Amino acid sequence: MAKKVFPFFAFLIVLALVITACGGAQTPTASGETSTEGQPVQQTVEVIKTVEVVKTVVVTVESQAAAPALPAPPAGYGATLKTVQERGQLICGVNSQVPGFGYVDSAGAFSGFDVDYCRALAAAIFGDPAKIEFRPVTGSERFTALQSGEIDILSRNTTWTLVRDTELGGNFVHTTFYDGQGMMVPADSGLTTLEDLNGGTICVQTGTTTELNLADQMAARGLEYTPAVYQDADGTFAAYAEGRCDAVTTDKSGLVARRAVLPDPENHVIMDVTMSKEPLGPMVRHGDDQWFDIAQWTVFALFTAEEYGITSSNVDQVRAETTNPEVRRLLGLEGDLGLKLGLSNDWAYNIIKLVGNYAEVYDRNLGPNTPTYIPRGLNSLYTDGGILYAPPFR
Amino acid sequence: MQTPIRTRQSVPLWRDERFLKVAGQVIFALVIASIAYLLLRNMVEGLRRQGTVLGLSFLSQTSAFDIGEYLIEYSRNSSYLRAFQVGILNTLLVSLLGIIFSTILGIVLGVASLSTNILVNRLSRAYIEFIRNIPLLVLLIFWYSAVFLKLPRVREAITLPGPTYLTNRGVGIPWGVPTATFKTYLWVLFIGLAVALLLAFLMVRRGRQTGRTPLVALWSPLLFLGIATTGWLVLPAPPLETSLPYVKGLNLDGGLILSPEFMAILSGLVLYTAAFISEVVRAGIQSVAKGQLEAARALGLSSFETLRLVVFPQALRVIIPPLTSQYLNLTKNSSLAIAIGYPDLFYVSNTIINQSGRAVEMISLVMLSYLIMSLLTSAFMNWYNQRVRLVER
């Protein structure tokens, strides 16, 4: 017995030492990485100090390239773009259940308005809209996926709210689709107002602003109702189709899109009530302003391209012939706007050439020739009576 | 094993067994502690970079969402904590009912699968094998979307005597609604219970003294029933009012409306766990030695008496420990309610995470809650096991 105990403990100790050694080795590495990411400027300074004695020339070159006379960029600046470029692929969190916005077809191909935004972003970074991995995320896991870095950007009909902008650690890039919450009921039910739904059951998806807004609206009107709450859009609309609820609520765009895939679309009507403002748009993590800028100006490139009538079919011609300074700056013929974003100068040209302008993206997914037709309404350019307005490219 | 005798000084420290034993454990504990520290620090660091601070103060904020089913008062103005409590109570409700029903069904199935009647035996075996080999999640989704949601709409409801309505909006059954005198009546029931227990205690003691035990199992409940009935009749108004379900527009009203989600999770859990419990029961019964049955037969006990007096008391000893783990499984499996939208603990917590963004805190609370529930169940069952266990003299 005694003889057996010794080797056992010896083994245990060796194992323990190995584990602690590994653990110990990891600790400095981890903290080293932290400080690298946290204070890149300080590190550059250190390098400079050591090198200075030997070669003075190198120092001047390095310091000019690494730190121009600007205030130090905050922690995390540029980290996302670097990660994406090193990976060679953009990972985009999308919806897979709402036709027209983010939907995966039977062949496994993604399509939709939000999906095309991701393609535009990939085109801006790589000049190739296919260098992208779509990761379907549910309404409830999307913010965790973004925070944890599992996805680079969330483009999944997400409503811009204060809490999401602050507490959930994200930044909304810009609204790409102005929406409002609506209510769909069976056509033969005779329900036309929210008051008619008093005492009824309403299907809603969890983890959404819709869920909160429904509670707010019904409480404000003093109406009683029973929520039937589901984890995803498929579950919500399946329960509604079975007659589990008197009505189903989500953003109007979502209602239009989901109605198209109900077994009997003609038997359902969308009530003429708008229960909320739902500005939908992509979202990025806090802490990387460069990535935020890239994502935001990709949206503006789409808007501006439509404003100047540049489409995927005429962009080459426009690039060859245009004399308009702003168009020239947009397409990278003048200035270095792309370089300022950390991209190549033809980033906007790639977006337009490979994905199209805002109108093209919209018509492809939500236009009159699609089953998910939604009139453009607010989502027209400011010149056409809508509220899409991009800051100048200069 | 013989070891040469050594003097204390001659044993070097690295070969001193007593030292090595302690040292090994200390090192092991240190390793565990440092790994835990690393993980914790990593988490805190990660959260710090995101700019979030851990804490439970958010629980007092307004939840702002509605929940479909609640046992305690709840509205969108209630706090997150209240929503969490609603979830816990819903989990407890479904677990408790699930445990009761699955035990009854499990015992019936277990006994049936030992029956000599071929039809009963084979039917029971087939059921057990079928259910045990299907994943619970699949079973739940089947019950929800293929059974309870496929019931007719309210207008074409299936009406059973009672009246009981079966619709895709839920199952409506008659139910008692408490009136003004209900609280007084609860006291009457409480006193009745105390008196009945006292009577049982006295009768058992008397039985020990005289050697002739009176029928405790008959007289004690009878006394309780007597007090309960008298209380009901004496009170100025009956403490409970019958409320019958009825169709109101597109929905059911009155009585007690059991939602399809509740029915699906309950029936799924009961039918699934009962199949496992029946196997436990069968094993327990088969563990009783054949000689015991023959002895009981020889004493002239009827087959029901044999089962009640000889087989079950001995089988219980084998049954209780695996039964406990089935109860724990049922409670933990109730978290699958998230798949069909029954607002249990896990489901509500998930909603809170979404609306508040407090994933770490909520998941810890959820794990802690399930842990406490499981430990309590297990403590109770261990206590019961101590009581029925064979007392060795």
Side-chain angles (χ1 to χ4, degrees), chain A residues 1-3 5-6 8-10 12-13 15-17 19-20 23-24 26-27 30 34 75-76 139-141 143-144 147-148 163-164 166-169 189 199-201 204 206-208 211-212 214-216 218-219 225-231 235-236 238-239 242-246 285-287, chain B residues 1 3 14-15 17 20-21 23-24 27-28 30-31 34-35 38 41-42 45-46 49-52 58 63-69 75-77 144-145 148-150 152-154 167-170 248-251 253 259-261 338-341 343 347 350-351 353-359:
Chain A
M1 189 62 199
K3 279 182 184 168
V5 170
F6 179 71
F8 172 70
F9 275 113
L12 203 69
I13 291 167
L15 187 75
L17 284 175
I19 292 170
T20 27
Q26 271 169 0
T27 326
T34 319
S140 49
E141 74 198 16
F143 301 116
T144 320
Q147 282 172 352
S148 64
V163 170
R164 288 173 174 178
T166 55
E167 209 165 310
L168 293 185
S189 66
T201 310
V204 62
T206 187
T208 54
E211 184 186 13
L212 300 183
L214 173 67
D216 288 356
M218 297 304 262
Y225 76 104
T226 310
V229 188
Y230 298 87
Q231 284 291 309
T236 313
E242 292 287 356
R244 171 73 185 89
C245 321
D246 298 306
R285 266 185 303 283
H286 271 170
Chain B
M1 200 168 284
T3 40
W14 61 90
R15 290 181 61 187
E17 211 178 279
L20 286 179
K21 270 184 185 168
I27 290 174
F28 191 65
L30 280 178
V31 171
S34 52
I35 291 176
L38 265 180
R41 211 195 57 165
N42 185 32
E45 172 68 20
R49 273 197 230 172
Q50 278 177 21
T52 32
F58 74 97
S63 66
F65 58 86
D66 279 311
I67 300 179
E69 298 169 54
S75 74
R76 73 164 290 284
N77 297 323
Y144 184 57
S145 47
F148 285 105
L149 280 189
K150 294 286 180 200
R153 291 175 185 236
V154 174
T167 73
N168 65 355
R169 291 293 170 83
K248 180 185 164 195
L250 290 167
N251 279 297
D253 206 351
S259 72
E261 292 83 21
I338 199 164
I340 55 171
Y347 179 97
N350 223 26
T351 310
I353 291 175
N354 268 305
Q355 304 297 11
S356 70
R358 301 297 192 136

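Every chain is numbered from 1, with letters handed out A, B, ... down the list of sequences. These numbers come from the heavy atoms of this one structure, side chains and all, not from hydrogens, waters or symmetry mates. Please read these numbers as outputs of a predicted model, since none were measured by experiment.
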Novice: Could you check which of A/Val163, A/Thr226, A/Val204, A/Val229 has the highest count of heavy-atom pairs closer than 4.5 Å to chain B?
Specialist: A/Val229

Novice: Select one option (side chain, backbone, both, neither) describing which atoms of B/Ser63 are under 4.5 Å from chain A's heavy atoms.
Specialist: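 For B/Ser63, the contact with chain A is made by the backbone alone.
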
Novice: For the candidates B/Ile338, B/Ile353, B/Asn77, which exhibits the highest count of non-hydrogen atom pairs separated by less than 4.5 Å from chain A?
Specialist: B/Ile338

Novice: Decide yes or no for A/Gln231 and B/Thr351: does some side-chain heavy atom of the first lie under 4.5 Å from some side-chain heavy atom of the second?
Specialist: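 Of all side-chain heavy-atom pairs linking B/Thr351 with A/Gln231, none is under 4.5 Å.
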
Novice: Measuring heavy-atom distances to chain A, does B/Asn350 have an atom under 4.5 Å in its side chain, in its backbone, in both, or in neither?
Specialist: side chain

Novice: Kindly give the heavy-atom pair with the smallest separation between A/Pro227 and B/Asp66, and that separation in Å.
Specialist: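 Shortest heavy-atom contact: CG-CB, 3.7 Å.
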
Novice: Can you tell me which of B/Ala339, B/Gly170, B/Ser356 forms the most heavy-atom pairs within a distance under 4.5 Å of chain A?
Specialist: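 Winner by heavy-atom pair count: B/Ser356.
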
Novice: Identify whether the distance between the nearest side-chain nitrogen and carboxylate oxygen of A/Arg244 and B/Glu261 falls below 4.0 Å.
Specialist: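 Salt bridge flag = yes for B/Glu261 with A/Arg244.
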
Novice: Looking at chain B, which one of A/Leu214, A/Thr144, A/Asp216 has the largest number of heavy-atom pairs inside 4.5 Å, strictly under?
Specialist: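 Top option by heavy-atom pairs under 4.5 Å: A/Asp216.
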
Novice: Working to the nearest 0.5 Å, report the span between OG1 of A/Thr206 and CD1 of B/Ile67.
Specialist: 9.5 Å

Novice: Rounded at 0.5 Å granularity, tell me how far OH in A/Tyr230 sits from CD1 in B/Ile340.
Specialist: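 Spacing of OH (A/Tyr230) from CD1 (B/Ile340) equals 9.0 Å.
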
Novice: Heavy-atom distance under 4.5 Å to chain A: side chain of B/Ala359, backbone, both or neither?
Specialist: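 Interface part for B/Ala359: neither.
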
Novice: Would you confirm whether B/Arg76, through its side chain, and A/Ala219, through its main-chain N or O, come within 3.5 Å as a donor-acceptor pair?
Specialist: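 Between the backbone of A/Ala219 and the side chain of B/Arg76 there is no qualifying donor-acceptor contact (under 3.5 Å).
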
Novice: For A/Ala215 and B/Ala64, work out which heavy atoms get closest and say how close.
Specialist: CB-O, 3.6 Å

Novice: Given heavy-atom pairs under 4.5 angstrom as the criterion, report whether the side chain, backbone, both or neither of B/Tyr347 touches chain A.
Specialist: side chain

Novice: Given 3.5 Å as the limit, does a donor-acceptor pair link the side chain of B/Asn168 with the main chain of A/Glu242, or not?
Specialist: yes

Novice: Provide the closest heavy-atom pair for A/Ser140 versus B/Asn354 in the form atom of the first, atom of the second, distance.
Specialist: CB-ND2, 2.8 Å

